[in-house]
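Data first, discussion second: the structure below is written as structure tokens.
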Amino acid sequence: MSERNDCGSFMGGLLMGGIVGALVALVLAPQSGEETRKLLKDKAFELGKEISDQTENIKEKGRELLTQDGIEIQESTDTNP
């Protein structure tokens, strides 16, 4: 149960960090509007890729847990008729 909360906290922090970073970039950007938009687009792409990678990691961990639980359930039904 704790792992689920940690994952949610991480994803929330990642999202919040991306938003704060984008706002700081807008406020402190010394470049033109066109350059700033390109920078934001690149950062958004990187953030989307990171979220996608983390989602895949979470899915894989879920599959592993389901497989483990399935094996444990099968073993317990085999030993207890």
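Every heavy atom of this structure was used, including side-chain atoms; hydrogens, water molecules and symmetry mates were not.
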(request) Give the cluster check for Leu23 versus Leu39: same hydrophobic cluster or not, with ILVMFWY residues linked at side-chain heavy-atom distances below 4.5 Å. (result) no

(request) Verify, without hydrogens or angle tests, whether Thr55 (side chain) and Ile51 (backbone) share a donor-acceptor contact under 3.5 angstrom. (result) yes

(request) Using a strict 4.0 Å threshold on nitrogen-to-oxygen distance, state whether Glu56 and Lys59 make a salt bridge. (result) yes

(request) Please round to the nearest 0.5 Å and tell me the distance separating atom CD1 of Ile58 and atom CZ of Phe10. (result) 8.5 Å

(request) Rounded to the nearest 0.5 Å, what's the gap from NZ on Lys41 to CD on Glu46? Could you check? (result) 13.0 Å

(request) Output the distance between atom CG (Leu47) and atom CG (Asp42), rounded to the nearest 0.5 Å. (result) 12.5 Å

(request) Considering only NZ, NE, NH1 and NH2 on the basic side and carboxylate oxygens on the acidic side, decide whether Glu60 and Arg63 come within less than 4.0 Å. (result) yes

